[in-house]
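Remarks on the structure that follows.
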Amino acid sequence: MCLLLQKLCVELLFEIVSCLPPHDLRACRQTCKRLSGLIEGSPLLQYMISRANSCVVDVPSLPAPVDSRLDALRRWERAWERLSAHTLVRGLRGPEGEVTHYAICDGFLIGVDKSRTPGYYYRPICAPPPSQDDDERGGWTRVDFPSRGALLAVVFAVEHDLAVVVSHPDRSLGETMAHLRLLDFRTGAAHPLAADSTIPIMTLDVFDTGLQVQAEFVRNGDAILIQMKHEPSMERARRRVLPVVPHRMEDRTHHSPTGMDTSLYTSQSFAVMAPDIVAVLQSQPDVLVLCRVPSADDPDPTLTPLCHLALPALRSGLRHLPLRFDTDGTGIGTSKRGRDRYRRLPFANDTAHGVVRLTMLVTTMEGYRALRWSIALSRKALLLLAAAAATGASSSVVPWGGWGPRAAYVFQEEFGWGKVRCAGQRWVWLIESEPSTLLVRDFNAFRAKRAHSERAEGRGPSADRHDAVRGALGASAVAVHSKSVLANAYFAEDVTSGLPYCETATQEHTFRPCRQILTDGEHLLGFVCEPVGGGPSSIDLVAVE
C-alpha cells in the first residue's frame, strides 16, 4: 500500500475506496491488511462487490438500508443455489376461456385467449382469495379485443397500462389489412394517450393462415419491433420499427409506412439484446445478425446490421429446421418494475448480463431423425461484439471459432417448448423424460467458479450427492461445467463452447404434470398444471427466497 494512503484517516480512505469499481475493490482487498479490513468491515462496499458478482442492479425506489439489501442479496443467492422456496399460491383456478399462453408481467398473471373471441385475462399475483361472488371467475378479469380478427401477437407494458395487439383483419369491420392496436391494459379500450390507436400494417397476404408475427418492445418501451413471416416457405420476412409512446404526454404516437426492413428477407426470429440492439436469425446461410434499432428521430426507421456471426456449420446431408429464440412468454409481455409488481427484493437482474436461449432442430435432408440443440448466448458478450463492429467497416461473417467459444454454449437437449424460461442468467425448465425434475442452469461466471471451487474442496452439494433441502422444490444437486468440445456426426467441425455454468437439479414432489413454466426473471416461478378431467388449468406459484 502506498505510504501516502497509509497516512490518511479511515473516513477519507473510505471515501476514496468507495469510488472504485467492484473489480478494483476485489483487487484492493488483496493488497494489504488495512484495505482488506476496511472493505470487509463495510456493508456498503460488500454490497457493491456482491451486486457486481451477482450481476444485479439496485432499486433505489425501495427504501431499505444497506445491511438489509446485502442480507437480502445473500439470502436470494443461497435460495437459488439450493432451489429453496415457499409457496405463494397453490392450485389457483385458471380462467374459463381457451387460454394458450400465460405470463408473469409487472405483478400480474396474464393469460391470452386466442379463440374466436380473442382477449386476455389478468389477475394480481398477490390478490386476496376470491370472494364467493368471484369464486367462479377465480378473481380473473376478462378483457375483450375490439376486433374479432385472429390474434397474431400481443405484448404488454403494464407499468404504462398499455397492451399492444396485432391481429388479422376483421371482415365484419370492413378491414382489409392486419392492424396494430394500442389498448388500455385494464379495459381494452383505445389507449387514452394514443393519437392513433389503430395502425394498419401491410402484409403479403392478410388472409394467409401461415402468417406469423413476432412483436417485442425496444428502446425501453418507446417503440415496438414487429416481424411478419409466412410459413412454411419463409421466403420473405418483413420488419417494422414503430415508435409507440402513448405514455408520454408530450409525444404523439406515429408510424411510418416506409418503416420496412427488407435487407434480411430470410430471417426467422429475433431477440432484444439491449434497448437499441437486436439479434436477428437469418437462414441460408444460418447467421446471427446483430442490428441497431433506429432512434426516435431517425427519418429512416430500419434496422442497421452491425455484424454477422456464423452458427455452427452442419455436415453435408443435414439441415436446420426453423431456428427460434425463446423469449419471455413467446412475445406475451415484458417485465419491468411497475407500481403493482409483487416485489420484496431491493435489487433486480441486470438485463445486459442476461442469457438468451436459441433452439434449433437438426435433421437429414429427407426429414428423418430430428435432434434438438440449444445455444446459450451471453448478452454481454454479444453487445461487446456489436460495439466493436460499430467502430469498424468490415461486413464479413465472423466464423463460430471467432466468437462462439467465449459468447455461447451449445447443448444437446431433450426438453420442449413452453417448459423452458430464462430468469436473468439462469435457465429454468422441466425435463420431458423426467417430468418431476426441475433443472436450473446458471451462466453467471462468478457463481460457476465458486461452485467449482467448493466442489473441488469437498464443500457444497455435488453431482453425485443429494442433500436434503427444505422448501417447496425438494432436494437438490449441483454440477459444474466450464468447457465443452462437441465432435460428432452432426457438425462439420469441432464446436468449442467456453461459457461457464453450473447446474442445479431438484426432485419436485409437490407439483403435478406441468405444461408451462412462468417466471418474473428474478424470484417468482409459476407452473401451469394440466387440468384433471377437463376444465381450466390450475396454477402454482412459488417464491425462491
Side-chain angles (χ1 to χ4, degrees), residues 10-11 14-15 17-30 35-88 104 107 125-126 335 337-339 341-351 353-354 423-426 428 440 442-451 453-454 457 459-461 467-474 476 478 502 504 506 519-525 541-545:
V10 176
E11 293 79 7
F14 177 80
E15 290 294 330
V17 173
S18 61
C19 296
L20 297 176
H23 66 275
D24 288 338
L25 288 175
R26 290 191 290 265
C28 287
R29 192 168 50 184
Q30 303 176 13
L35 282 180
S36 177
L38 178 66
I39 294 174
E40 293 290 344
S42 171
L44 175 60
L45 299 181
Q46 285 296 301
Y47 180 60
M48 292 171 59
I49 295 175
S50 300
R51 193 175 60 193
N53 292 339
S54 302
C55 295
V56 298
V57 294
D58 207 18
V59 182
S61 60
L62 293 178
V66 175
D67 292 343
S68 300
R69 293 176 183 271
L70 180 60
D71 182 63
L73 180 57
R74 289 174 174 173
R75 285 188 285 104
W76 178 74
E77 288 278 5
R78 289 194 298 268
W80 272 107
E81 287 176 4
R82 301 179 178 182
L83 285 178
S84 60
H86 70 270
T87 302
L88 291 177
I104 297 175
I125 290 177
C126 292
S335 184
R337 293 183 289 277
R339 58 182 179 275
R341 184 173 184 181
Y342 169 81
R343 174 186 289 279
R344 297 177 181 173
L345 302 178
F347 50 85
N349 280 318
D350 188 353
T351 56
H353 290 79
Q425 292 183 301
R426 300 178 178 92
V428 184
V440 176
D442 189 348
F443 294 91
N444 179 278
F446 175 80
R447 291 192 291 258
K449 292 177 181 178
R450 182 180 59 189
S453 300
E454 291 178 352
E457 297 173 2
R459 299 182 293 116
D467 292 346
V469 179
R470 289 187 177 184
L473 300 182
S476 64
V478 176
C502 55
T504 304
T506 180
T519 179
D520 69 340
E522 290 166 9
H523 73 312
L524 292 183
L525 293 178
L541 281 176
V542 301
V544 182
E545 56 185 16

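Q46 has its side chain within reach of I39: a pair of non-hydrogen atoms, C-beta onward, lies under 4.5 Å apart.
A search for side chain to side chain donor-acceptor pair (under 3.5 Å) contacts involving R51 returns nothing, not counting sequence neighbours. Residues satisfying the side chain to side chain contact (heavy atoms under 4.5 Å, CB included) criterion with Q30, sequence neighbours excluded, are absent altogether. Remark: A79 pairs with S84, V544 by the side chain to side chain contact (heavy atoms under 4.5 Å, CB included) rule, at least two apart or across chains. Looking at residues two or more places apart in sequence or on another chain, you find no salt bridge (Lys or Arg N to Asp or Glu O under 4.0 Å) involving E11. Here S50 pairs with L70, L73 under the side chain to side chain contact (heavy atoms under 4.5 Å, CB included) rule; sequence neighbours left out. The salt bridge (Lys or Arg N to Asp or Glu O under 4.0 Å) search around R29 returns E40, not counting sequence neighbours. The side chain to side chain donor-acceptor pair (under 3.5 Å) check on D71 picks up R75, with sequence neighbours excluded. For S42, there are no side chain to side chain donor-acceptor pair (under 3.5 Å) partners, not counting sequence neighbours.
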**OP:** Go through the steps for I104 and L541 under the test side chain to side chain contact (heavy atoms under 4.5 Å, CB included), then give the verdict.
**Re:** CA-CA 10 Å; I104 297 175; L541 281 176; 4.0 Å; yes

Subject >> Pair W80-D442, side chain to side chain contact (heavy atoms under 4.5 Å, CB included): steps then yes or no >> reply: CA-CA 9 Å; W80 272 107; D442 189 348; over 6 Å; no

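Atom-to-atom distance recorded for F14:CZ and L35:CG is 12.5 Å, nearest 0.5 angstrom. Summarising the geometry, atom SG belonging to C502 is positioned 12.5 Å from atom NZ belonging to K449; distances are rounded to the nearest 0.5 Å. Remark: F347 CZ to E522 CD distance equals 8.0 Å, nearest 0.5 Å. With rounding to the nearest 0.5 Å, the separation of CZ in R78 from CG in L83 is 14.5 Å.
When atom types are taken as modelled, the side chain of T519 and the backbone of L524 share a donor-acceptor pair closer than 3.5 angstrom. Side chain of N349 to backbone of G521: a donor-acceptor contact under 3.5 angstrom is found.
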Could you pull out all donor-acceptor pairs under 3.5 Å where a side-chain atom in residues 20-27 meets a protein atom, sequence neighbours excluded?
unit_1 : atom_1 : unit_2 : atom_2 : d
R26    : NH1    : N53    : OD1    : 2.7

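The two residues S54 and Q425 make their nearest non-hydrogen contact at O-OE1, 4.1 Å.
In summary, R447 and E81 do not engage in a salt bridge, as defined by a charged side-chain N under 4.0 Å from a carboxylate O.
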